[in-house]
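A short write-up of the structure that comes next.
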Amino acid sequence: MQVLNFHLFPYPPLPDELYAKSAWVTLSNTHYDEKVGHATYNLYLDQLELCDQLGFDGVAVNEHHQTPYCIMPSPIVTAAALSRRTKGKIAILGSAFCLRDHPLTLAEEHAMIDNITGGRLITGFVRGIGAEYSNFGVNPTYSQERHLEAHDLVVQAWTRAGPFAFEGKHYHFEYVNVWPRPYQKPHPPIWIPSQGSSETIAWAAHPDRKYLYMQNFNPYSAAVKYLNEYRRVAEQQYGYEAQSSQLGWAGPCYVAPTDEQAMEEAREAIEFLFTRP
Amino acid sequence: MPVGMFFPPGYTSVESMQRVVAGKQSIMGAGRNVENLNKQGVIIVGSPETVRRRILDAHRELGFSTFMTLLQFGSLDARKTENNIRLFAREVLPALQEVDDRNYEGFRTAAE
């Protein structure tokens with residue numbers, strides 16, 4: 001199997017009471033300190049570069065907005081910073097194309113990174129979590145529709161000869177003609193990180209797509225249920241045998257010389273991650 | 001996060017919302033300490049031997065081609081993170097990179 005290390009870029013802990021209402025959307029950015037931010041960004045980039053040097057197959061980054069949970073509103077910026085200092089894969093898991101009124105700007109940026117890295121990019125398609133619809137002022141009712149339509153638009157922009165017109169329900173472009181085209185053909189591998197939505201599994205497993213489904217940080221029982229559901233849907237609904245290359249599992253790890261030492265050293269940070277709202 | 005912020009109106013179907021809430025409760029519910037999270041397999045914490053065995057066991061049962069870990073999380077400081085990255089890379093990573101479908105029990109066995 002291939003092994004990637006993911007990073008959420010969390011802002012260092014703030015006083016507990018600040019998280020009481022929500023760590024998302026409304027936690028005031030007056031608590032952000034640029035000197036802390038400068039040091040933190042560079043520390044985290046160093047950690048991902050170290051993983052690359054030590055033989056990981058790749059590193060992964062993602063996108064969240066207006067929260068100290070993840071100070072990475074643009075994984076494009078992170079991927080660009082990593083692109084010239086790493087040799088392995090860079091997985092953007094993912095970009096929320098559908099939050100944008102112009103998903104093509106993200107399609108262009110992904111294509112640039114794919115070209116700069118000579119085809120080391122993996123593109124994740126996500127909808128963004130509910131809170132991000134507040135951040136962007138986008139109507140959450142259209143989230144799923146925009147997600148599917150933005151996917152079609154971006155894949156066509158990467159694969160069809162331009163210029164062509166795209167007329168969707170939510171997106172209308174008279175001229176789709178993205179320069180650069182992706183380095184990888186037909187386009188960068190597309191991964192679908194999810195918590196286990198049946199619609200998402202059926203969509204990712206469709207024979208037209210066969211995208212890698214990544215079961216996110218959940219109990220192991222969820223991985224058993226949903227990875228097997230992908231294989232079952234492929235076989236029973238679509239009539240083909242899903243390959244292991246279509247499946248991924250994700251879990252935070254902490255390793256120390258003994259089990260006891262590992263638990264004690266990880267305790268505070270793990271409980272911070274899972275108890276702040 | 002307030003529920004209304006996590007699930008703004010129309011963001012997802014009622015059925016999906018119920019499924020996600022049920023899934024999250026096991027993680028975000030009462031027992032969100034490191035022991036319970038480790039027991040549930042939300043996190044994989046232990047000696048190199050323990051962590052290696054748990055991921056390889058999961059691979060044998062599920063056959064995934066890709067494992068994505070998170071070696072810095074929450075408030076984990078720079079020193080512990082670097083130790084974690086170096087020990088994982090030296091003692092766990094090589095054994096994972098060796099396995100492929102030959103180590104997978106197969107779908108029918110796993111689905112029983």
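This structure is a prediction, so every number in the text was calculated from the model and none was measured. Order of the sequence lines sets the chain letters (A, B, ...), proteins ahead of strands, with each chain counted from 1. Below, each value reflects all heavy atoms present in this structure, side chains not excepted, and no hydrogens, waters or symmetry copies.
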Taking the side chain as everything from C-beta on, heavy atoms only, tell me whether B:V42 gets closer than 4.5 Å to A:N218. no
Counting N and O atoms only, with roles assigned by atom type, does the side chain of B:N84 sit under 3.5 Å from a partner on the main chain of A:C253, one being a donor and the other an acceptor? yes
Interatomic spacing from CG in A:L273 to CG in B:L70 - rounded to 0.5 Å: 7.0 Å
Most contacts with chain A, counted as non-hydrogen pairs under 4.5 angstrom, among B:D77, B:T81, B:D100: B:T81
Smallest separation among heavy atoms of A:E265 and B:K80, with atom names: O-NZ, 3.3 Å
Where does B:R90 contact chain A at under 4.5 Å (heavy atoms): side chain, backbone, both or neither? neither
Heavy-atom distance under 4.5 Å to chain B: side chain of A:S197, backbone, both or neither? both
Could you check whether any side-chain heavy atom of A:I270 comes within less than 4.5 Å of a side-chain heavy atom of B:F73, counting everything from C-beta outward? yes
Before you tell me yes or no, could you show the steps for B:T69 and A:N5 under side chain to side chain donor-acceptor pair (under 3.5 Å), namely the whole-Å CA-CA distance, both residues' side-chain angles and the distance that decides it to 0.1 Å? CA-CA 5 Å; B:T69 186; A:N5 183 41; 4.9 Å; no
Correct closest heavy-atom pair for A:R127 and B:Y11 would be NH1-O, 2.6 Å
With a 4.5 angstrom heavy-atom cut-off, is it the side chain or the backbone of A:P257 that approaches chain B, or both, or neither? both
Please examine the side chains of B:I43 and A:F274, heavy atoms only from C-beta on, and report whether any two atoms are closer than 4.5 Å. yes
Looking at chain B, which one of A:G248, A:P12, A:A222 has the largest number of heavy-atom pairs inside 4.5 Å, strictly under? A:G248
Could you report the tightest heavy-atom contact between B:A89 and A:F56, atom names first, then the distance? CB-CE1, 3.9 Å
Closest-packed option against chain A by number of heavy-atom pairs under 4.5 Å, given B:G4, B:G46, B:A78: B:G46
State, with a plain yes or no, whether a side-chain heavy atom of A:R267 is found less than 4.5 Å away from one of B:E35. yes
Rounded at 0.5 Å granularity, tell me how far CD in B:Q72 sits from CG in A:L43. 7.5 Å
Interatomic distance, A:Q2 atom CD to B:Q97 atom CD [nearest 0.5 angstrom]: 9.5 Å
If you take all heavy atoms of B:S65 and A:Q246, which pair is closest and at what distance? OG-N, 4.5 Å
Within a reach of under 6.0 Å around OH of A:Y142, are more than 12 heavy atoms found that belong to other residues, nucleotides or ligands? no
Using the rule given for side chain to side chain contact (heavy atoms under 4.5 Å, CB included), can you reason through B:M5 versus A:T26, listing the C-alpha separation, both sets of side-chain angles and the distance that settles it, and then say yes or no? CA-CA 10 Å; B:M5 208 179 263; A:T26 54; 4.2 Å; yes
Given side chains that start at C-beta, do those of B:E15 and A:S198 come closer than 4.5 Å, heavy atoms only? no
Is chain B contacted by the side chain of A:D46, its backbone, both, or neither, given a heavy-atom distance below 4.5 Å? neither
Backbone of A:D259 reached by a side-chain donor or acceptor of B:S47 within 3.5 Å: no
CD/B:E61 to CG/A:N228 distance, rounded to the nearest 0.5 angstrom? 7.5 Å
For chain A, which of B:D101, B:V51, B:I85 has the most heavy-atom pairs under 4.5 Å? B:I85
Suppose we screen for side chain to side chain donor-acceptor pair (under 3.5 Å). Which residues come up paired with A:E49, at least two apart in sequence or across chains? A:R85
Any side-chain heavy atom of B:Q40 within less than 4.5 Å of one from A:S221? no
Under a 4.5 Å heavy-atom cut-off, does chain B meet the side chain of A:L54, its backbone, both or neither? both
I need the B:L71 CG to A:L48 CG distance, nearest 0.5 Å. 9.5 Å
Select one option (side chain, backbone, both, neither) describing which atoms of A:A60 are under 4.5 Å from chain B's heavy atoms. side chain
For A:A242, is it the side chain, the backbone, both, or neither that has a heavy atom closer than 4.5 Å to a heavy atom of chain B? neither
Best-contacting candidate, A:V25, A:L50, A:L8, against chain B by heavy atom pairs under 4.5 angstrom: A:L50
Within the structure provided, determine whether A:P193 and B:M68 are in side-chain contact (heavy-atom separation under 4.5 Å). no
Minimum heavy-atom separation for A:S244 to B:Y104, with atom names? OG-CD2, 4.1 Å
Write out all pairs satisfying ring-ring contact (aromatic ring centres under 6.0 Å, His included) with one or both partners inside residues 246-266 of chain A, taking only residues at least two apart or from two chains. A:Y220-A:W249, A:W249-B:F64, A:W249-B:F67
Test side chain to side chain contact (heavy atoms under 4.5 Å, CB included) on B:E91 and A:V255 and set out the steps. CA-CA 9 Å; B:E91 303 285 341; A:V255 198; 5.7 Å; no
Approximate separation, where rounding is to 0.5 Å, of B:T66 OG1 and A:L4 CG: 7.0 Å
Please report the shortest heavy-atom distance between B:P9 and A:P140, naming the atom on each side. O-CG, 3.2 Å
Please state whether the side chain, the backbone, both or neither of A:Y44 comes within less than 4.5 Å of a heavy atom of chain B. side chain
If you count heavy-atom pairs under 4.5 Å between each of B:G10, B:S75, B:A58 and chain A, which one has the most? B:S75
Please classify the contact between A:E241 and chain B as side chain, backbone, both or neither, with a heavy-atom cut-off of under 4.5 Å. neither
Just so I know, are the side chains of B:R32 and A:E271 near enough to count as touching, which here means a heavy-atom distance under 4.5 Å? no
Is it the case that atom CD in A:E268 sees more than 12 heavy atoms from other parts of the structure closer than 6.0 Å? no
Chain B heavy atoms under 4.5 Å from A:S143: which part of the residue, side chain, backbone, both or neither? side chain
